[in-house]
Amino acid sequence: MAKRKKSKSQDKSVWALLLLGLGIVGALAAYVKFTPADRVPEPMRRPAVSSQKPTPAAVQVWVFTPHAEGIDIGFDRTHMPVPEGVDPKVYAANEFLSKSKIAPEGARLVSAQVIEGEAQLHFNRAFDTTYGSTDESALIQGLQHTFGQFPDIQNLRFYVEDTPMSTTGNIDLSEPVPVLR
Amino acid sequence: MKRLLLCLIPWMVIGTAAAGGDPRPATVSFTHFGSARDLVWRVDEECFVAPSVALRWGWKTSLAGETASVAVDGRRVDVPLARIEKTPALPLRQILERLGGDSAWRTGKDTLDVWGIVKSATIDGGTFTLEASLATKPKVTRAEDPARVVIDLPGLKLDAKTSIALGPRAKVEQRPDGVRMILETDETPAMVGIAQQPARVFTYDLRKGFSGDLATVETSDPASGAASEISTTTPPETPDPPQLPVAGPLTLANETKASALLGIKLPTGLKEAPTVTRPEPAVIEVLFPGATFQGDKPEGSTIESLEVRPTEQGSVLSIRLARPMGIEIATVSSEMQIRLLKPEVGNGKLAGKVIVVDAGHGGSDTGARSPDKKVAEKDLTLPIAQKLAQRLAAQGATVIMTRKTDVAVELHSRPEVANRNKADLFLSVHINSNTTGKTSGGMTFYHMQDPICALLAECVQREIAKVSGLPNYGIRSDRSLYQSGLAVLRGAKMPAILMELGFINHPTDRKRMLTDDFQNAVADAVVQGLKVYLGDGKAKEE
């Protein structure tokens with residue numbers, strides 16, 4: 001008998017918890033729905049997953065191109081729209097690679113996965129080569145600038161396919177490479 | 001009482017960290033000054049430095065009980081004083097935070113990188129002004145096509161709070177080793193120079209710059225209250241009355257086997273900063289624009305002779321040293337300080353030295369390649385390194401090569417060979433490439449701002465330039481390429497340099513570098529440069 005009583009009170013508790021949970025979820029949804037956008041915290045404003053296709057005008061990136069300043073390298077940048085369905089980070093990097101002409105033809109960034117501020121850059125096999133120090137510096141700096149435009153990235157890690165890269169000739173890439181902003 | 005206790009908490013934390021923590025030797029890479037290794041410690045996340053280290057950055061410390069008062073560029077910061085290994089120590093990161101500087105420990109290393117933050121870069125009424133939280137030393141160059149002035153400020157960073165208000169003809173950009181300002185002009189400015197006076201605030205008169213004949217860069221040093229100016233091609237105005245300010249005397253202090261400190265008293269009427277050049281590895285020249293110098297050779301064995309000669313710009317003090325030495329320059333109040341760092345050269349002979357010769361790249365690591373892919377860097381570095389090794393061995397040196405055949409060698413293991421064998425010197429042979437420009441010529445890199453490595457690079461590059469037949473770009477810090485420098489130089493625990501002998505993608509360079517004549521001449525030149533560095537037989541320069 002005592003056991004039955006205890007079981008009923010447990011059922012009531014479960015129902016109460018469920019209702020409370022639903023209430024919180026509902027309140028949160030109402031808050032996001034009805035609160036003006038500028039009062040919603042930044043992380044909640046970004047849709048995590050969207051089935052809607054992004055409008056082409058909404059996504060633009062800076063594309064960097066190197067130019068010679070004596071023996072130094074400087075960078076120009078132009079705003080470019082990202083083609084539909086393309087990762088803006090991958091697009092910006094590949095545009096830099098093709099415009100700079102430093103990396104071999106066909107060298108491409110395949111994906112850029114960001115985990116806790118670190119972008120893991122997976123390049124194809126053609127990227128896996130070594131350079132003279134000026135070219136290498138221009139290549140790495142160009143990528144540092146390119147990824148520096150994305151606020152969620154602080155550091156870069158270089159991979160060829162899934163193998164970590166240790167260098168592109170003279171620079172130690174086994175450590176995280178900070179972006180340049 | 002409660003308030004008193006609350007005030008004491010930060011002091012107690014510092015005291016506990018220093019006394020009860022686990023201080024371990026650390027390195028500080030401080031803006032444009034480069035690395036300091038002695039009397040630097042890490043305790044958890046704080047970095048402690050002795051006041052003598054801070055003095056090298058122009059920071060003056062006065063101690064009062066358990067508090068240190070640090071004067072930096074006209075500002076004063078009071079911090080709790082710690083004691084490590086019985087030495088007074090300042091909490092560097094705490095001071096930097098108060099000054100608005102930035103610092104970060106390198107991942108997995110006990111090396112603290114210190115940066116000044118650019119607070120603002122503006123153009124207002126024809127004047128470009130840049131203000132930073134820490135002082136730095138600008139390097140000013142002119143460039144053509146389009147005509148522009150390029151001002152490099154090593155050790156500075158832009159951040160989210162930097163206020164930038166520039167017109168379309170000026171820009172500020174972040175580079176690995178600092179900040180670069182580029183100011184477009186209508187014609188090539190008749191100015192090129194290097195400011196030796198570190199400062200926090202820099203101004204550039206665009207109207208003068210645009211006129212093309214009076215381009216000057218002014219630096220102001222709040223610590224001394226004196227304004228200084230980079231050298232221009234226009235002669236200084238004749239002072240009225242004609243009595244020129246007098247710099248001097250020259251003092252020599254703290255003379256040891258490893259270093260010495262030169263002090264030059266600067267006059268109050270000096271309106272331009274003195275500039276320091278090194279016309280020869282063992283000669284330092286100080287130009288006092290619009291001023292003269294009076295003083296005698298101080299007692300001691302570091303300085304061989306002094307000479308003063310008048311020029312259109314002002315008097316030049318020429319200091320001949322007993323042998324080539326590294327230099328670090330700082331201005332503290334009204335005194336210019338030149339720290340002389342004497343390289344450890346043993347008996348000063350090449351014979352008996354252990355030298356690691358590193359032929360860059362190898363095996364599957366081809367390095368740079370010619371546009372037609374027929375010539376690879378690895379195939380040029382090996383014969384040059386072999387020729388160099390033969391010549392060094394003939395002089396009696398013990399030579400270790402990181403590779404003798406066409407094999408790949410890990411980047412990290414190259415300096416490791418030198419460290420393991422306790423080598424005296426590490427020499428890395430490389431060929432450059434620059435797809436972006438049509439550059440021709442050679443240069444030698446040293447690590448960060450290490451004055452001894454810079455001296456070694458200077459000695460060797462000067463000799464290479466005499467024989468290579470290619471343009472000479474002199475010596476450069478590897479920080480100009482990448483913020484942590486080149487891997488082989490960073491890993492070497494002894495004086496180390498990386499020689500870039502020419503550009504493989506430039507037809508003239510490539511043709512020349514493939515010849516036996518070039519390879520033999522360069523190998524001879526490197527040997528001669530090492531002799532100059534070591535003071536071996538007082539190797540004569542042409």
Side-chain angles (χ1 to χ4, degrees), chain A residues 62 64-77 96-105 118 125 128-145 148-149 151 154-157 160 165-181, chain B residues 104 106-109 141 143 148 150 152 157-160 171 173-176 180 182 360-361 364-369 376-378 410-412 428 430-439 441 443 445 471 473 476 478 480-491 498 500 503-505:
Chain A
W62 290 110
F64 289 80
T65 45
H67 63 262
E69 289 175 357
I71 50 168
D72 289 322
I73 302 292
F75 289 90
D76 297 314
R77 60 178 197 174
F96 163 70
L97 290 179
S98 62
K99 285 182 192 300
S100 66
K101 295 184 172 64
I102 298 168
E105 217 174 355
E118 186 173 278
R125 184 62 59 190
D128 189 15
T129 187
T130 51
Y131 306 86
S133 60
T134 302
D135 269 345
E136 184 184 23
S137 171
L139 181 71
I140 299 300
Q141 273 189 57
L143 290 169
Q144 288 175 292
H145 281 298
Q149 71 183 294
Q154 276 80 50
N155 290 306
L156 309 174
R157 287 268 189 190
V160 166
M165 288 185 83
S166 59
T167 185
T168 37
N170 306 283
I171 293 171
D172 183 3
L173 296 180
S174 63
E175 294 176 352
V177 174
V179 297
L180 292 173
R181 298 199 205 279
Chain B
R106 283 186 204 159
T107 314
K109 303 241 184 313
T141 48
R148 60 202 186 278
V150 179
D152 284 312
K157 248 186 185 178
L158 304 170
D159 79 356
K171 65 175 177 178
E173 62 185 32
Q174 184 69 55
R175 299 180 68 81
R180 168 167 287 185
I182 301 168
H361 307 280
S364 58
D365 167 12
T366 61
R369 287 195 290 174
E377 181 181 358
K378 63 168 186 169
E410 282 289 315
L411 212 49
H412 287 106
S428 191
H430 280 257
I431 309 296
N432 212 336
S433 68
N434 183 359
T435 309
T436 309
K438 296 185 174 101
T439 327
M443 66 197 84
F445 286 97
Y473 288 111
R476 311 192 78 202
D478 61 356
S480 65
L481 293 173
Y482 186 65
Q483 53 264 54
S484 63
L486 297 169
V488 294
L489 298 184
R490 189 167 64 146
L498 186 147
E500 293 282 10
F503 285 86
I504 202 166
N505 60 322

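All chains are named by letter (A, B, ...) in the order of the sequence lines, taking the proteins before the strands, and each is independently numbered beginning at 1.
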Chain B heavy atoms under 4.5 Å from Ser174(A): which part of the residue, side chain, backbone, both or neither?
side chain
Report the distance from atom CD1 of Ile73(A) to atom OG1 of Thr439(B), rounding to the nearest 0.5 Å.
7.0 Å
Interatomic spacing from CG in Leu481(B) to CD in Gln141(A) - rounded to 0.5 Å:
8.0 Å
Using non-hydrogen atoms and a 4.5 Å limit, figure out which bit of Ser480(B) sits close to chain A: side chain, backbone, both or neither.
backbone
Heavy-atom cut-off 4.5 Å, strictly under: side chain, backbone, both or neither for Thr366(B) against chain A?
both
List the steps and the verdict of side chain to side chain contact (heavy atoms under 4.5 Å, CB included) for His430(B) and Ser133(A).
CA-CA 9 Å; His430(B) 280 257; Ser133(A) 60; over 6 Å; no
Go through Thr130(A), Ile171(A), Thr168(A) and name the one with the most non-hydrogen pairs under 4.5 angstrom from chain B.
Thr130(A)
So, the part of Ile140(A) with a heavy atom under 4.5 Å from chain B: the answer is side chain
Whatever's closer than 4.5 Å to a heavy atom in chain B on Gln144(A) counts as side chain
Rounded at 0.5 Å granularity, tell me how far CG in Leu180(A) sits from NZ in Lys157(B).
9.5 Å
By a 4.5 Å heavy-atom criterion (distance strictly below it), what part of Arg106(B) contacts chain A: side chain, backbone, both, or neither?
neither
Checked Asp478(B), Asp365(B), Asn505(B), Ile504(B) vs chain A; the most non-hydrogen pairs under 4.5 Å come from Asp365(B)
Return the minimal non-hydrogen interatomic distance between Glu377(B) and Gly132(A), and the atom names on each side.
OE1-CA, 4.2 Å
Run the salt bridge (charged side-chain N to carboxylate O under 4.0 Å, His left out) check on Asp135(A) and Arg369(B) step by step: do they pass?
CA-CA 11 Å; Asp135(A) 269 345; Arg369(B) 287 195 290 174; over 6 Å; no
Would you say His412(B) and Asp172(A) make side-chain contact, with heavy atoms under 4.5 Å?
yes
When you look at Glu136(A) and Asn432(B), which way does the side chain to side chain contact (heavy atoms under 4.5 Å, CB included) test go after all the steps?
CA-CA 10 Å; Glu136(A) 184 184 23; Asn432(B) 212 336; over 6 Å; no
Option from Leu139(A), Ile102(A), Thr65(A), Thr134(A) for which side-chain contact (heavy atoms from CB on, under 4.5 Å) with Thr436(B) holds:
Ile102(A)
For the residue pair Glu175(A) / Ser484(B), report whether a side-chain donor-acceptor contact shorter than 3.5 Å exists.
no
When Ile71(A), Thr167(A), Leu173(A) are compared by non-hydrogen pairs under 4.5 Å with chain B, the top option:
Ile71(A)
